[in-house]
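Okay, so here's the structure we're looking at.
Hydrogens, waters and symmetry mates play no part in the numbers below; they use all other heavy atoms, side chains included. Note that the structure is a prediction, hence the values are computed from the model and not measured.
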Amino acid sequence: MGVGGSLEYGSEHYLMCISHKRYNKHHQLQTVELKVAMDCDGCELKVKKALSSLRGVKSVKINRKQLKVTVTGYVEASKVLKKAKSTGKKAEIWPYVPYNLVAHPYAAPAYDKKAPPGYVRNVVDNAVASSAVKFEDPSFVTMFSDDNPNACSIM
C-alpha cells in the first residue's frame, strides 16, 4: 500500500465522518417508544431486525410482555413507526404514561384495562373545563339583577 492507497483510504474515511456528522446535525438523539403487537419470538425478532436496519438507530429494546419497543438513536418518530408497521404488525406510538402523572387516572378516558401495571392512557383533562359554567350566557347574568328585584326566578 503506497502513498496513493493511504490517501484514498483517508479520504474515504474523512467523507464517511463528514456525512455522519451532517446526518446527526439534522436529527437529535432521542428515544421513541412504540406499542407493537407481538405474539412470539419470531415476531419479536422480525420487529427488532427491521428497526435495527434504520439509519441512525443505536439500540432497540423490546419488552414483549408489555408490547413495548424502545428505539434510541438519531431517528424521527414517524419513520420508526412507519418501519414498525412495514413488518405487518399493528404499531402505534406508546400511548401510556405512569398513573401518577394524570389528574384522574381512574376516569373513563384514562383508564385502560390493557395498559401495563402502573400505567394509564395519556389524556388531556377536559373534565374540569367541560363541567364549568360559562358566564357569557345572558340568562345567567340577568337571573340575579340589582336593577330588577323581581328578576330572581329561583324563589
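- Looking at residues two or more places apart in sequence or on another chain, you find a side-chain contact (heavy atoms from CB on, under 4.5 Å) between S52 and K48, V60.
- V32 and M38 fall within the same hydrophobic cluster, where Ile, Leu, Val, Met, Phe, Trp and Tyr residues are linked whenever their side-chain heavy atoms come under 4.5 Å apart, directly or through other members.
- For the atom pair W94 CH2 and T31 OG1, the distance stands at 14.5 Å (nearest 0.5 Å).
- When all heavy atoms are compared, the tightest approach of K83 to A50 is CE-O, 3.3 Å.
- For the residue pair V75 and R55, the shortest heavy atom distance occurs at CG1-O, 3.7 Å.
- Checked against side-chain contact (heavy atoms from CB on, under 4.5 Å), K82 has no partners two or more places apart in sequence or in another chain.
- A84 and A91 make their closest contact through CB-CB, 4.0 Å (heavy atoms, listed as atom of the first residue, atom of the second, distance).
- Atom NZ of K58 sits about 6.0 Å away from atom OH of Y74, to the nearest 0.5 Å.
- Residues passing the side-chain contact (heavy atoms from CB on, under 4.5 Å) test with A107, sequence neighbours excluded: H104, P109.
- Expressed to the nearest 0.5 Å, how far CG of L34 lies from OG1 of T70 amounts to 8.0 Å.
- For Y96, the side-chain hydrogen bond (donor to acceptor under 3.5 Å, both in side chains) partners at least two apart in sequence or on another chain are K35, D112.
- Put simply, the side chain of K46 gets close to the backbone of T87: a donor and an acceptor are under 3.5 Å apart.
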Enumerate donor-acceptor pairs with a distance under 3.5 Å from any side-chain N or O in residues 62-69 to protein atoms, sequence neighbours excluded.
{"from": "N63", "atom 1": "OD1", "to": "K65", "atom 2": "N", "distance (Å)": "3.3"}
{"from": "N63", "atom 1": "OD1", "to": "Q66", "atom 2": "N", "distance (Å)": "3.4"}
{"from": "R64", "atom 1": "NH1", "to": "C40", "atom 2": "O", "distance (Å)": "3.1"}
{"from": "R64", "atom 1": "NH1", "to": "D41", "atom 2": "OD1", "distance (Å)": "2.6"}
{"from": "R64", "atom 1": "NH1", "to": "E44", "atom 2": "OE1", "distance (Å)": "3.4"}
{"from": "K68", "atom 1": "NZ", "to": "E33", "atom 2": "OE2", "distance (Å)": "3.3"}

(request) Give the C-alpha distance, both sets of side-chain angles, the deciding distance and a yes or no for side-chain contact (heavy atoms from CB on, under 4.5 Å) between V47 and K89. (result) CA-CA 8 Å; V47 171; K89 304 295 175 195; 4.1 Å; yes

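- Side-chain contact between V97 and V102 is present, with at least one heavy-atom pair separated by less than 4.5 Å.
- For the pair K113 and Y111, the minimum side-chain heavy-atom distance is below 4.5 Å.
- Two residues are said to be in side-chain contact when any heavy atoms from C-beta on lie closer than 4.5 Å; P95 and N122 fail this criterion.
- L51 places none of its side-chain heavy atoms less than 4.5 Å from the side chain of V57.
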